[in-house]
Number of protein chains: 2
Amino acid sequence: MAEADSPHSNECPVARTLEAIGDRWSLMIIRDAFDGIRRFSEFQKSLGVAKNILASRLKTLVEVGVFDIGPASDGSAYKEYVLTEKGREVFPIVVSMRQWGERYLFKPQETRSVLLDNARGQTLMPIAVFSSSGQPLGPADCHRVRISAQTS
Amino acid sequence: MAEADSPHSNECPVARTLEAIGDRWSLMIIRDAFDGIRRFSEFQKSLGVAKNILASRLKTLVEVGVFDIGPASDGSAYKEYVLTEKGREVFPIVVSMRQWGERYLFKPQETRSVLLDNARGQTLMPIAVFSSSGQPLGPADCHRVRISAQTS
DNA sequence: CCGTATCCATTCCGATACTG
DNA sequence: CAGTATCGGAATGGATACGG
């Protein structure tokens, strides 16, 4: 049954995001796409994942709207997977994951990959949460509320 | 070599983060912790997850250093799970996931839960990636490089 | 109340083989 | 090159029963 959604994904956007791209491979695939990877074989080589798994993930990511399938840019007969706007917008998610990992999961001298901005070759500003008025916010400074539809 | 890690967690911080907290429940547990949940039964009720699973996840999250176990604040005989600094710092990750989900995974009128800042009751500023000099950055404005240990 | 132990179903993954 | 088909094994999840 291609039924709606699973029990707990109903109204929490975090849960839905996890359900859409929160599996073990999807975010890695998207991360590679941020590095310019577009071809099946390149994903496969970069990730070392089995082809059937990769095919399956790519397929659902296209269904979800993270990737579009387009013609090869080099004129070859094959397809390319290119990020949609929706896909590009997961950038903050993977960058915040990257920064958290860098900070807490590596020993100081351990070899790692880092992200640099093209313009200056500098590391990025740490991602943080701000209020609409620009105040930095921690978990304790926020609360969740339920919004049922808007009548304006 | 000298790589004793699991295959894909090698040197990408994103991969390590995914391995540490990227499973189906951990981020939901942490999200609940941001809402002030600290007790086993509260997590269980909030998430609707089986007790053995919850116990298992909580255990690994403690091992990973996201939670500390402390005495109950109300003087009862039981433990509480309280976020460490490392745990609190996953806040940007779940907020960026939340915002992406809100934006792309909900129909406009669908009921959802949203995060508001306590001080003003406003929605948060969208999380974005900036260079160290304050320029907004997209995926195409960055590149990855490998850093092997020491320079200077 | 807070877990642990057990059992079972399901899903996920990887290797391999095969097709256009 | 870009997948699909199939299979076995591993990991994950859920329900329930039990113990501190």
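Note on naming: letters A, B, ... go to the chains in the order of the sequence lines (proteins, then strands), and numbering restarts at 1 for each one. Values in this document were obtained by computation on a predicted structure and should not be read as measured data.
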Please classify the nucleic acid contact of B:F43 as base, sugar-phosphate, or nothing, using heavy-atom distances under 4.0 Å. nothing
Does any donor-acceptor pair link the side chain of A:N52 with the base of C:dG14 at a separation under 3.5 Å? yes
Over how many whole Å does the gap from [X] atom [atom1] to [N] atom [atom2] extend?
X	N	atom1	atom2	answer
B:E80	C:dC2	CD	C1'	13 Å
A:L58	D:dA2	CG	C1'	11 Å
A:K51	C:dT16	NZ	P	11 Å
B:Q44	C:dG3	CD	P	11 Å
A:R38	D:dG3	CZ	P	15 Å
A:L54	D:dC1	CG	P	14 Å
B:I37	C:dC2	CD1	P	12 Å
A:F40	C:dG20	CZ	P	17 Å

Lys/Arg-Asp/Glu bridge criterion (N-O < 4.0 Å) met for A:R146, A:E11: yes
Anything under 3.5 Å between a protein N or O and an N or O of nucleotides 10-12 of chain D, put it in a table, one pair a line.
none

Within the distance-only criterion (no hydrogens, no angle test), does the side chain of [X] pair as donor or acceptor with the backbone N or O of [Y] below 3.5 angstrom?
X	Y	answer
A:Q99	A:I127	yes
A:D117	B:C142	no
B:R88	B:L83	yes
B:R120	B:L116	no

So if I take every side-chain heavy atom of [X] and compare against [options], which nucleotide ends up nearest?
X	options	result
B:A50	D:dG3, D:dC18, D:dA15	D:dA15
A:A55	D:dT4, D:dG14, C:dC1	D:dT4
B:R39	D:dG3, D:dC1, C:dC2	C:dC2
A:K79	D:dG3, C:dT6, C:dC2	D:dG3

Solution key, residues 56-72 of chain B side-chain donor-acceptor pairs under 3.5 Å, sequence neighbours excluded:
from  : atom 1 : to    : atom 2 : distance (Å)
B:R57 : NE     : B:D23 : OD2    : 2.9
B:T60 : OG1    : B:R57 : O      : 3.1

Residue pair B:L115 / B:F34, side-chain heavy-atom distance below 4.5 Å: no
